[in-house]
Asker: 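Sharing a structure, written as structure tokens. Questions coming.
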Amino acid sequence: MENLQLPDELSAQLKRQKIIEDLVQQGYSVNPHYLDIQLVTSLQQALLALAEQDRLRAAHIGKDAQRTRRRSIRGDAIHWLSGASAAEHDFLDQMAQLQHDINRQLFLGLTELEAHFAHYPPGTGYQKHLDSFQNNNLRRISLVAYLNPDWREQDGGELQIFAQDKVIAAVAPLGGTLVCFTSEAIPHQVAITQRDRYSIAGWFRVRDPHALPAI
Ligand code: OGA
Ligand code: MN
């Protein structure tokens, strides 16, 4: 059959379904062309505008008392998404649909997404780590969406996914690709990039049982 086009909503639903099946089967999911290119371009522009206005901040590692900043371990500068631009809004909307489908099928009880833009300048990366904090494991599913419109092998900056000490997947940070993985079980790292590398990293969380109720 030629030129068979699925209606957009159905194809989006199938893409979400594939992520859920991958998460169940292998704990991670790599999805090239998940976001459409216009959205990728708008998100990258929003990130570049924030950088221009000096609104990115050096990222930290660990939480509370363990919170430190070491550029040799983690070299990105970040800005938390708030839905400020139409592009952010569209992205968060698509991720909310993913959260909904994951909850319906895997009963994870995800309540929110926290996500930030990230810029890794040339010469930086993020050494092997897990995304759930040692003393607080509210993060359940991690996601990364890439925003560079082109990427070559010699640019480095791959996301490497580990099983124990072995790299089992290496993902080029090419615009439109969406990667998801379980935050508590999948060690990963960002190899040193040779170019400015733009992305959104996010975490679907469960509600903190110790948090005070909102009044
Ligand atoms: C992170 C992270 C991966 C990437 O921000 O925790 O692992 O490919 N990012 O940017
Ligand atoms: Mn990570």
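Numbering starts at 1 and runs along the sequence shown. Just so it is clear, the model here is predicted, and its values are computed rather than measured. First listed ligand is number 1; within each ligand, the first listed atom is number 1.
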Asker: Specify which N/O/S atom of D131 comes nearest to the Mn ion (ligand 2), by atom name.
Answerer: OD1

Asker: Side chain, backbone, both or neither: which part of W203 comes within less than 4.0 Å of ligand 1 when only heavy atoms are counted?
Answerer: side chain

Asker: Donor-acceptor pair, distance only, cut-off 3.5 Å: does the side chain of N31 make one with the backbone of V179?
Answerer: no

Asker: Closest to the Mn ion (ligand 2), which N/O/S atom of H129 is it?
Answerer: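 The Mn ion (ligand 2) is closest to the H129 atom NE2, counting only N, O or S.
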
Asker: Which ligand 1 atoms, with their elements, are less than 4.0 angstrom from a heavy-atom of Y126?
Answerer: 1 (C), 6 (O)

Asker: Measure up the H79 and F117 rings against each other and bin them: parallel (under 30°), tilted (30 to 60°), perpendicular (over 60°).
Answerer: tilted

Asker: Inspect the contact between D101 and K15 and indicate whether a charged nitrogen and a carboxylate oxygen are less than 4.0 angstrom apart.
Answerer: no

Asker: Among all protein heavy atoms, pick the one closest to atom 8 (O) of ligand 1 and tell me residue, atom and distance.
Answerer: Y146 OH, 2.6 Å

Asker: Side-chain heavy atoms nearer than 4.5 Å, only ILVMFWY residues, links allowed to pass through others: does that put I37 and Y198 together?
Answerer: yes

Asker: Is Q154 atom CD crowded by more than 12 heavy atoms from other residues, nucleotides or ligands, each under 6.0 Å away?
Answerer: yes

Asker: Considering non-hydrogen atoms of the protein only, which is the closest contact for atom 3 (C) of ligand 1, and what is the distance?
Answerer: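 Scanning the protein heavy atoms, the shortest distance from atom 3 (C) of ligand 1 goes to V190 CG2, 3.5 Å.
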
Asker: Please check: side-chain N/O of R197 versus main-chain N/O of G157, any donor-acceptor pairing under 3.5 Å?
Answerer: yes

Asker: Run the numbers for me: atoms of ligand 1, each under 4.0 Å from some heavy atom of A201, listed by number.
Answerer: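 Contacts of ligand 1 toward A201, numbered from 1: 5 (O).
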
Asker: Counting from 1, what ligand 1 atoms have a heavy atom of V144 closer than 4.0 Å?
Answerer: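 In order of numbering, the contacting atoms are 3 (C), 4 (C), 8 (O), 10 (O).
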
Asker: With backbone taken as N, CA, C and O and side chain as the heavy atoms from C-beta onward, which portion of Q189 lies under 4.0 Å from ligand 1: side chain, backbone, both, or neither?
Answerer: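 For Q189, there is no contact with ligand 1 at all, from either part.
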
Asker: May I ask you to identify, for D131, whether its side chain, its backbone, both or neither come under 4.0 Å of ligand 1 on a heavy-atom basis?
Answerer: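 It is the side chain that touches ligand 1; the backbone stays farther off.
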
Asker: Does the side chain of S142 come under 3.5 Å of the side chain of S183 through a donor N or O and an acceptor N or O?
Answerer: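 On atom types as modelled, these side chains qualify, holding a pair under 3.5 Å.
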
Asker: Would you call H129 a ligand 1 contact, heavy-atom distance under 4.0 Å?
Answerer: yes

Asker: Tell me whether the centres of the aromatic rings in F162 and H188 are closer together than 6.0 Å.
Answerer: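 So the answer is no for these two rings.
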
Asker: With the Mn ion (ligand 2) as the reference point, give the N/O/S atom of H188 that is nearest.
Answerer: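 Per the distance ranking, H188 contributes NE2 as its closest N/O/S atom to the Mn ion (ligand 2).
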
Asker: Please determine if R57 and D76 form a salt bridge, counting it only when a charged side-chain N lies under 4.0 Å from a carboxylate O.
Answerer: no

Asker: If you have a sec, work out which protein heavy atom is nearest atom 10 (O) of ligand 1 and how many Å separate them, to one decimal?
Answerer: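 Among all protein heavy atoms, the one nearest atom 10 (O) of ligand 1 is R197 NH1, 2.9 Å.
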
